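Read through the structure below, which is laid out as structure tokens, and then see the notes.
Numbers restart at 1 for each chain; the letters A, B, ... are given by sequence-line order, proteins then strands. A quick note: this is a predicted structure, and the numbers were derived from the prediction, not measured.
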There are 2 protein chains.
Amino acid sequence: MKIGELAARTGVSLRSLRYYEEQGLLTPIRLENGYREYSPLAEEQVQTIQLYLQLGLTTDQIAGFLHCVLKNKEAFCKEVLPIYREKLGEIETQIQLLSNIKRNLEDRIQSILEEQKETEE
Amino acid sequence: MKIGELAARTGVSLRSLRYYEEQGLLTPIRLENGYREYSPLAEEQVQTIQLYLQLGLTTDQIAGFLHCVLKNKEAFCKEVLPIYREKLGEIETQIQLLSNIKRNLEDRIQSILEEQKETEE
DNA sequence: ATATACCCTCACATTAATGTGAAGGTCAAG
DNA sequence: CTTGACCTTCACATTAATGTGAGGGTATAT
């Protein structure tokens, strides 16, 4: 299938599909006229790529294990686990940071409200 | 004081101090030779700016209420509360998103570990 | 042959604060 | 008058995936 059809089937933009190719995640063959020709399997591959992107992995990281997970279960791809753990660590750090800010903001909002209450009296 | 001294006192880079001026957060006067001359109050102002930046506010948002909070308590600056609430909402959304990813990652890690255990047997 | 609906590549824009470096003026001490 | 430590402005780079648009080729139906 050509790129337009793959985009329609997957909901991923032409731009992104070409970008995935540039990043080595997708390698359609080229027709004589230069058009990309995707195998039927590409549809599933794109969905897999999307899944990993939604986990916050970069195309670089995905490229490191994609060809493996497309053929095997994740558990058989030794590159996956360390990347998951690394990402999990980042996420936890980020949540911690945001939680601190959240508490700070809540305290400040509370202070303002109390101050305003006093002034009303 | 000149920019180098202010940078040394506050730990904020020259680049950032100039950027704050560009964003309207800091307005040193200019000496005849073109050098920026900061009032002694600038040190505290910079610390205030840093505080708001650390809450995740943009220079645009800070510019909206900075001149007020430098003179009054936050509670008297009506622009502050809505901005805090907006930011709080963003933070909560972000935490929610990250928490979903976190759970997803944890599940996947768990699955991999269990699968590997089975394979070992 | 022309319209239309595809496809191609290349390249700039997006966000926000900060880093970095070039090219050059100012000032004080020697 | 030179050195060194300041200061100035300007401008490009950083991150990552995606949007957008120009300029142009291809294929099919009329």
Side-chain angles (χ1 to χ4, degrees), chain A residues 1-38 42 45-64 66 83 86-87 90-91 93-94 97-98 101, chain B residues 1-38 42 45-64 66 83 86-87 90-91 93-94 97-98 101:
Chain A
M1 85 189 88
K2 294 203 287 304
I3 194 169
E5 187 181 343
L6 182 58
R9 283 178 188 271
T10 59
V12 173
S13 73
L14 304 184
R15 180 65 173 89
S16 293
L17 292 176
R18 295 190 184 113
Y19 178 68
Y20 298 161
E21 180 179 357
E22 192 182 309
Q23 301 300 304
L25 300 180
L26 219 45
T27 46
I29 61 173
R30 293 302 180 115
L31 300 179
E32 289 193 351
N33 58 17
Y35 288 13
R36 291 168 176 83
E37 175 68 23
Y38 293 90
Q45 290 179 232
V46 170
Q47 282 157 358
T48 303
I49 293 168
Q50 289 286 100
L51 183 155
Y52 289 121
L53 283 175
Q54 279 154 21
L55 286 178
L57 303 187
T58 67
T59 53
D60 255 19
Q61 292 174 316
I62 298 171
L66 183 64
I83 290 181
E86 181 189 344
K87 190 69 201 176
E90 289 170 18
I91 299 267
T93 299
Q94 192 63 18
L97 193 73
L98 290 173
I101 295 178
Chain B
M1 85 189 88
K2 294 202 288 305
I3 195 169
E5 187 181 343
L6 183 58
R9 283 179 187 271
T10 59
V12 172
S13 72
L14 304 184
R15 180 64 172 89
S16 293
L17 291 176
R18 296 190 184 113
Y19 178 68
Y20 298 161
E21 179 179 358
E22 193 182 309
Q23 300 301 303
L25 300 180
L26 219 45
T27 46
I29 61 173
R30 294 301 182 117
L31 300 178
E32 290 193 351
N33 59 16
Y35 288 13
R36 290 168 177 82
E37 176 67 24
Y38 293 90
Q45 290 179 232
V46 170
Q47 281 156 359
T48 303
I49 292 168
Q50 289 285 100
L51 183 155
Y52 289 122
L53 283 175
Q54 278 154 22
L55 286 179
L57 302 187
T58 67
T59 54
D60 256 19
Q61 291 174 318
I62 298 171
L66 183 64
I83 289 181
E86 181 189 344
K87 190 69 201 175
E90 290 169 18
I91 300 267
T93 300
Q94 192 63 16
L97 193 73
L98 290 172
I101 295 178

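Across the protein-nucleic acid pair, B/Leu14 atom CG and D/dT9 atom P stand 12 Å apart, rounded to whole Å. Regarding B/Leu6, its CG atom lies at a distance of 15 Å from the P atom of D/dC6, rounded to whole Å. Straight-line distance from the CD atom of B/Gln50 to the P atom of C/dA17: 11 Å, rounded to whole Å. One can place CD1 of A/Ile49 at 12 Å from P of D/dA17, the figure rounded to the nearest angstrom. Rounded to an integer number of Å, the gap from OH of A/Tyr20 to P of D/dT18 is 4 Å. Atom-to-atom, CG of A/Leu31 to P of D/dT26 comes out at 13 Å; the value is rounded to the nearest Å. Separating the CD1 atom of B/Ile62 from the P atom of C/dA16 is a distance of 12 Å, rounded to the nearest angstrom. Nucleotide C/dA17 holds its P atom 11 Å from the CD atom of B/Glu22, rounded to whole Å.
At the phosphate of D/dA16, neither OP1 nor OP2 sits under 4.0 Å from any side-chain N or O atom of A/Thr59. The side chain of B/Asn33 places no N or O atom within less than 4.0 Å of a non-bridging phosphate oxygen (OP1 or OP2) of D/dC7.
For B/Gln54 (side chain) and B/Leu51 (main-chain N/O), no donor-acceptor pair under 3.5 Å exists by modelled atom type.
In this structure, the nucleotide among C/dC8, D/dG19, D/dT8 sitting nearest to the side chain of A/Ser16 is D/dG19. Considering only the side chain of A/Arg36, C/dC8 comes nearest among C/dC8, C/dG19, D/dT9. Minimum atom distance to the side chain of B/Arg18 is reached by D/dT9, of the listed D/dT9, C/dT18, D/dT26. Considering only side-chain atoms of B/Tyr35, the nucleotide from C/dT9, C/dT26, C/dC6 that sits closest is C/dT26. In this structure, the nucleotide among C/dC8, D/dA27, C/dT26 sitting nearest to the side chain of A/Ile3 is C/dC8.
Judged by distance alone with a 3.5 Å cut-off, a donor-acceptor contact links the side chain of B/Arg15 to the base of C/dT20. With hydrogens and angles ignored, no donor-acceptor pair under 3.5 angstrom links the side chain of B/Tyr19 to the base of C/dG19.
Between the C1' atoms of C/dT15 and D/dT9, the separation comes to 24 Å (whole Å). The same atom, C1', is picked in C/dA17 and in D/dG19; the two are 23 Å apart, to the nearest Å.
Salt bridge present: B/Glu21 and B/Arg30 bring a charged side-chain N and a carboxylate O closer than 4.0 Å.
Here the straight-line distance linking atom OG1 of A/Thr10 with atom CD of A/Glu5 works out to 10.5 Å at 0.5 Å rounding. Atom CD of B/Gln50 and atom CD1 of B/Ile62 lie 9.0 Å apart (nearest 0.5 Å). The structure places OG1 of B/Thr27 at 9.5 Å from OH of B/Tyr38, a figure rounded to the nearest 0.5 Å. In this structure, CD1 in A/Ile49 is found 7.5 Å from CG in A/Leu53, a value given to the nearest 0.5 Å.
Side-chain contact between B/Lys87 and B/Leu55: absent, with no pair of heavy atoms (C-beta onward) separated by less than 4.5 Å.
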Query - Strand DNA chain D as a dot-bracket string - pairs counted if Watson-Crick or G-U with both distances under 3.5 Å, | where the partner lies in another strand - result: ||||||||||||||..||||||||||||||
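With respect to A/Leu25, the side chain to side chain contact (heavy atoms under 4.5 Å, CB included) criterion is satisfied by exactly one of A/Thr59, A/Leu17, A/Val46, A/Asp60: A/Thr59.
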